Amino acid sequence: MSGVLRRPRIAIIGAGMSGICFGALLLRAGIDTFTIYEKSDRTGGTWRDNTYPGIACDVPSRFYQYSFARNPGWTRVMSPGAEIDAYFEKVARDTGVHDRIRFRTEVTRIDRTDHAWTVTTADGSTAEHDFVVSATGILHHPRYPDIDGLDTFAGAAFHSARWDHDAALDGRRVALIGTGSTGAQIIGDLAGRAGELVVFQRTPHWVMQIGNPEFSAFNAWLHRRFPRYDALTYHGWRLFIESFSPALLRPGLARRFARWQIKRQLRQVEDPVLREKLTPDFEPMCRRLVISSNFYDAIQRDDVTLVTTGIERIEPTGVRTTDGVLHPCDVLVLATGFDAHAYLRPIAMTGPDGRTLAEAWVDGPRAYRTVTVPGFPNFFLFMGPNSPVGNYSLVAIAEAQAGFMLGWIERWRRGEIETTAPSEAATAAYYEAVDAALPDTVWATGCTSWYVGQGGRVEVYPWTPRHFRATLATVEEDDHLTTGA
Ligand code: NAP
């Protein structure tokens with residue numbers, strides 16, 4: 001083998017947080033032969049799509065950022081969505097990733113031919129790539145509720161991820177369906193702005209109301225002036241968030257303490273009837289814990305009504321509940337969540353043996369160590385099955401997954417391999433370990449949520465963030481089927 005490194009042609013699908021992360025790390029590794037396909041006209045992914053009032057990250061910004069491109073100037077502990085969107089755009093531009101993005105280019109097919117992946121886009125053009133990386137996001141496809149009459153509503157009606165900024169809200173009667181992380185943030189912002197806010201709750205969520213202080217100019221200066229201090233706070237927040245792992249992963253004192261802390265939050269609801277309505281019947285943290293700076297304050301306001309009676313249908317002038325009551329409204333907001341199990345679908349993908357990804361995943365999505373799929377060589381997934389590590393930062397998860405992908409790509413560059421895919425046996429063994437670990441976790445204590453996928457399988461990582469990093473930092477040769485260069 002000569003000392004000259006080969007130049008891999010890499011297709012990255014999606015210019016959101018994960019795609020930008022990988023592009024930046026490829027450039028740092030001296031690889032500029034990649035294309036990021038982005039169907040929209042901007043970067044940002046979920047932070048571009050979600051512009052609803054009150055949007056903020058529920059993970060502290062000092063840790064919800066790339067470790068290699070930290071922003072000293074975050075304005076709040078948990079920054080607003082627009083600021084996070086601007087951060088990712090800035091990183092894309094500063095690193096040169098932006099120049100490698102093909103905007104308004106939707107990938108429709110990915111097919112394995114003898115020696116490469118052929119990527120087809122909506123305009124019918126094709127390109128060959130040695131590697132395909134899915135960075136399509138986990139909460140990308142809005143889930144619309146299956147409620148009769150939804151399309152008969154006379155006023156503005158929209159999903160939280162498709163916010164209609166032309167719809168007037170101030171002083172209007174707004175109906176909101178859904179009280180998850182998104183709904184709680186919208187309620188916090190609209191209460192007091194809308195003339196009347198009617199919240200339709202099917203299932204109560206556990207909510208942690210915590211402050212979200214602004215950072216001072218001095219704080220920003222400190223972080224800018226002393227990068228080591230900035231790095232220290234990144235790791236400080238990381239360790240703080242990781243300290244919750246024991247409560248999430250196994251029964252015991254830590255979980256009992258967390259349960260007590262979360263349950264006592266409800267004490268701030270003064271009206272016992274309202275408190276009762278807001279009390280979930282499942283274990284705290286089984287669903288993703290809702291973090292809000294003002295939910296309990298907002299829901300207790302006189303101009304906010306919580307309706308827990310089921311929805312019968314939507315009518316032109318409002319929402320009719322099963323008790324026959326019509327709740328009139330001018331605007332209808334659907335904070336009804338996402339299909340978190342689509343991954344790169346609906347993109348059609350066919351492997352070398354003619355089997356599609358949909359066929360490979362007929363019993364539910366599976367990926368070896370969350371990243372690779374048996375039978376699909378040189379294909380990597382960001383935020384693949386079992387990627388979420390509780391309320392952890394998805395940015396840190398993406399960085400760990402990027403490291404694993406880069407390890408293989410570096411081997412390809414050195415001419416050591418031509419293709420790599422995990423073996424069926426290694427993937428099955430991996431899932432045996434996942435399935436053995438899951439029952440102890442809080443997510444398996446009996447609740448429904450977007451964490452739960454096909455057949456009731458919990459698609460969350462059942463070990464610690466440290467375990468996640470360690471798992472992806474090593475490449476188990478024996479677990480992979482490789483072909484030589
Ligand atoms: P979600 O947690 O899935 O909540 C959807 C809500 O809509 C639930 O309350 C659900 O009720 C309700 N719903 C769905 N269909 C309904 C129907 N037909 N009738 C009545 N209610 C219905 O979705 P989300 O709030 O958009 O949050 C999803 C995830 O996005 C979060 O868990 C979080 O990971 C992420 N997120 C993060 C942030 C952040 O700050 N980083 C902010 C927002 C979201 P049921 O519970 O009864 O199904």
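A quick note: this is a predicted structure, and the numbers were derived from the prediction, not measured. Just so you know, residue 1 is the first one in the sequence shown, and it goes up from there. Both ligands and their constituent atoms are indexed starting at 1 by order of listing.
Ranking protein heavy atoms by distance to atom 13 (N) of ligand 1, first place goes to Thr336 CG2, 3.7 Å. When only non-hydrogen protein atoms are considered, atom 28 (C) of ligand 1 lies nearest to Trp450 NE1, 3.7 Å. Here the protein heavy atom with the shortest distance to atom 41 (N) of ligand 1 is Asp58 OD1, 3.0 Å. Scanning the protein for heavy atoms near atom 18 (N) of ligand 1, the closest one is Pro145 CB, 3.3 Å. Nearest protein heavy-atom neighbour of atom 23 (O) of ligand 1: Gly337 CA, 3.2 Å. With hydrogens left out, the protein atom closest to atom 9 (O) of ligand 1 is Thr179 N, 3.1 Å, a heavy atom. Nearest protein neighbour of atom 21 (N) of ligand 1, counting heavy atoms only, is Ile177 CG2, 3.6 Å. The single protein non-hydrogen atom nearest to atom 45 (P) of ligand 1 is Thr203 OG1, 3.5 Å, given as residue, atom name and distance.
For ligand 1, the atoms lying closer than 4.0 Å to a non-hydrogen atom of Ala56 are 39 (C), 40 (O). For ligand 1, the atoms sitting less than 4.0 Å from at least one non-hydrogen atom of Thr182 are 24 (P), 25 (O), 26 (O), 27 (O), 43 (C), 44 (C), numbered in the order shown with element in parentheses. Which parts of ligand 1 touch Gly178 is read off a 4.0 Å heavy-atom cut-off, strictly below it: atoms 6 (C), 7 (O), 9 (O), 12 (C). Using a 4.0 Å cut-off to heavy atoms of Leu139, the atoms of ligand 1 that qualify are 29 (C), 30 (O), 34 (O), 35 (C). Distances below 4.0 Å separate heavy atoms of His205 from the following atoms of ligand 1: 8 (C), 9 (O), 46 (O).
Between the side chains of Arg287 and Thr448, at least one donor-acceptor pair of N or O atoms lies under 3.5 Å. A side-chain donor-acceptor contact under 3.5 Å links His327 and Thr321. With no hydrogens or angles considered, a side-chain donor-acceptor pair links Tyr52 and Gln185 at under 3.5 Å. Side chains of Thr305 and Glu196: a donor-acceptor N/O pair is absent below 3.5 angstrom, by distance only.
Looking at Pro53 and Arg193, their side chains come closer than 4.5 Å, going by heavy atoms from C-beta outward. A 4.5 Å side-chain heavy-atom check between Met208 and Ile262 finds at least one atom pair inside the cut-off.
For the side chain to side chain donor-acceptor pair (under 3.5 Å) test with His341, the passing option among Gln454, Arg457, Glu459, His141 is Glu459; the others fail. Between Phe468 and the choices Trp463, Phe404, Tyr461, Tyr392, the ring pair (Phe, Tyr, Trp, His ring centres under 6.0 Å) rule is met once, by Tyr461.
For the pair Arg264 and Trp260, the cation-pi criterion (under 6.0 Å, within 45° of the ring axis) is fulfilled. At least one test fails for Arg62 against the ring of Phe240: distance under 6.0 Å to the centre or angle within 45° of the axis.
In this structure, OG on Ser449 lies 8.5 Å from CZ on Phe282, to the nearest 0.5 angstrom. The CZ atom of Arg320 sits 13.0 Å away from the CG atom of Asp148 when rounded to the nearest 0.5 Å.
Of the N or O atoms in Ala335, one or more lie within a sub-3.5 Å distance of an N or O in ligand 1. Where the criterion is an N or O separation shorter than 3.5 Å, residue side chain and backbone included, Ser181 meets it with respect to ligand 1.
By the 4.0 Å N-to-carboxylate-O rule, Asp330 lies close enough to Arg173 to be salt-bridged with it.
A heavy-atom separation below 4.0 Å is found between Phe338 and ligand 1. Ligand 1 lies within reach of Arg287, whose nearest heavy atom is under 4.0 Å from it. Under a 4.0 Å heavy-atom criterion, Arg143 is in contact with ligand 1.
The residue among Arg202, Arg288, Gln201, His159 with a heavy atom at the shortest distance from atom 19 (N) of ligand 1 is Arg202.
If you look at Met78 next to ligand 1, there are no close heavy atoms at all, none under 4.0 Å. Under 4.0 angstrom from ligand 1, the non-hydrogen atoms of Tyr52 all belong to its side chain.
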